[in-house]
Amino acid sequence: TPLLPLVAAFFAFETCVGMYFPSIGTLRSKYVPDSHRSVIMNLFGIPLNVLVVSVFLSIQKLGVGGALSVSTGALGLGMICMCNLWKMTA
C-alpha cells in the first residue's frame with residue numbers, strides 16, 4: 001500500500017479522536033449533572049462492554065465484515081441519538 005494515503009488516513013483519524021474527547025467532555029458537563037455523572041457514565045458503559053464482548057466472542061461467525069457492520073450499526077444508532085438530542089435542545 002502507498003504510504004501517503006495511509007499516513008493521511010492516520011492523521012485524519014487522530015484529528016477526529018482529538019476533537020472527540022474535548023467535545024464529549026463539554027457535552028457531558030452540560031447535560032449530565034455532577035452529582036450523578038459517575039453512575040450514569042458507568043451505566044452507559046455496560047451496554048458498550050456487552051457489545052464488545054459479544055462481538056469478540058462471535059468473531060468466528062461474524063468475520064471482519066460482520067464485526068465492522070455491528071460497529072457501523074452502533075455508530076449509526078449513536079448518530080440518531082445525537083440528532084434527537086440536538087433537536088430537543090434547539
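As a basis for the values below, the full set of heavy atoms in this structure was taken, side chains included, without hydrogen atoms, waters or symmetry mates. Small disclaimer: the values here were computed from a predicted structure and weren't measured. The chain is numbered in sequence order, starting from 1.
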Undergrad: Is there a chain of hydrophobic side chains (I, L, V, M, F, W, Y, each step under 4.5 Å between heavy atoms) that links Val53 to Phe56?
TA: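 Yes; tracing contacts between hydrophobic side chains, which count when under 4.5 Å, links both residues.
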Undergrad: I need the minimum non-hydrogen distance between Ala67 and Leu62, along with the two atoms involved.
TA: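 Where Ala67 meets Leu62 most closely, the heavy atoms are N-CB, 4.0 Å.
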Undergrad: Assigning hydrophobic clusters by single linkage (Ile, Leu, Val, Met, Phe, Trp, Tyr; side-chain heavy-atom cutoff under 4.5 Å), is Leu51 placed with Ile46?
TA: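 Shared cluster, no.
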Undergrad: Same cluster or not: are Ile24 and Val17 linked, directly or through other Ile, Leu, Val, Met, Phe, Trp or Tyr residues, by side-chain heavy atoms under 4.5 angstrom apart?
TA: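 Yes.
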Undergrad: Is there a path from Phe44 to Val50 through hydrophobic residues (I, L, V, M, F, W, Y) whose side chains come within less than 4.5 Å of each other?
TA: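 Each belongs to a different hydrophobic cluster.
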Undergrad: Supply the atom-to-atom distance Thr26 OG1 to Phe21 CZ, rounded to the nearest 0.5 angstrom.
TA: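 Reported value, rounded in 0.5 Å steps: 13.0 Å.
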Undergrad: Could you walk me through whether Met82 and Leu85 satisfy the side chain to side chain contact (heavy atoms under 4.5 Å, CB included) test, starting with their C-alpha distance in whole Å, then the side-chain angles of each, then the deciding distance to 0.1 Å, before giving a yes or no?
TA: CA-CA 5 Å; Met82 188 246 354; Leu85 178 64; 5.6 Å; no
Undergrad: Should Leu48 and Tyr20 be counted in the same cluster of Ile, Leu, Val, Met, Phe, Trp and Tyr side chains packed under 4.5 Å apart?
TA: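 Different clusters: Leu48 never reaches Tyr20 through Ile, Leu, Val, Met, Phe, Trp or Tyr contacts under 4.5 Å.
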Undergrad: What is the minimum heavy-atom distance between Ser54 and Ser58, and which atoms define it?
TA: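 That closest heavy-atom pairing would be O-OG, 2.7 Å.
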Undergrad: Measure the spacing between NE2 of His36 and CG of Asp34 and express it to the nearest 0.5 Å.
TA: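 Between atom NE2 of His36 and atom CG of Asp34 there are 11.0 Å.
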Undergrad: Quick check for you: to the nearest 0.5 Å, what is the distance between Met79 atom CE and Asn84 atom CG?
TA: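 Met79 atom CE to Asn84 atom CG measures 10.5 Å (nearest 0.5 Å).
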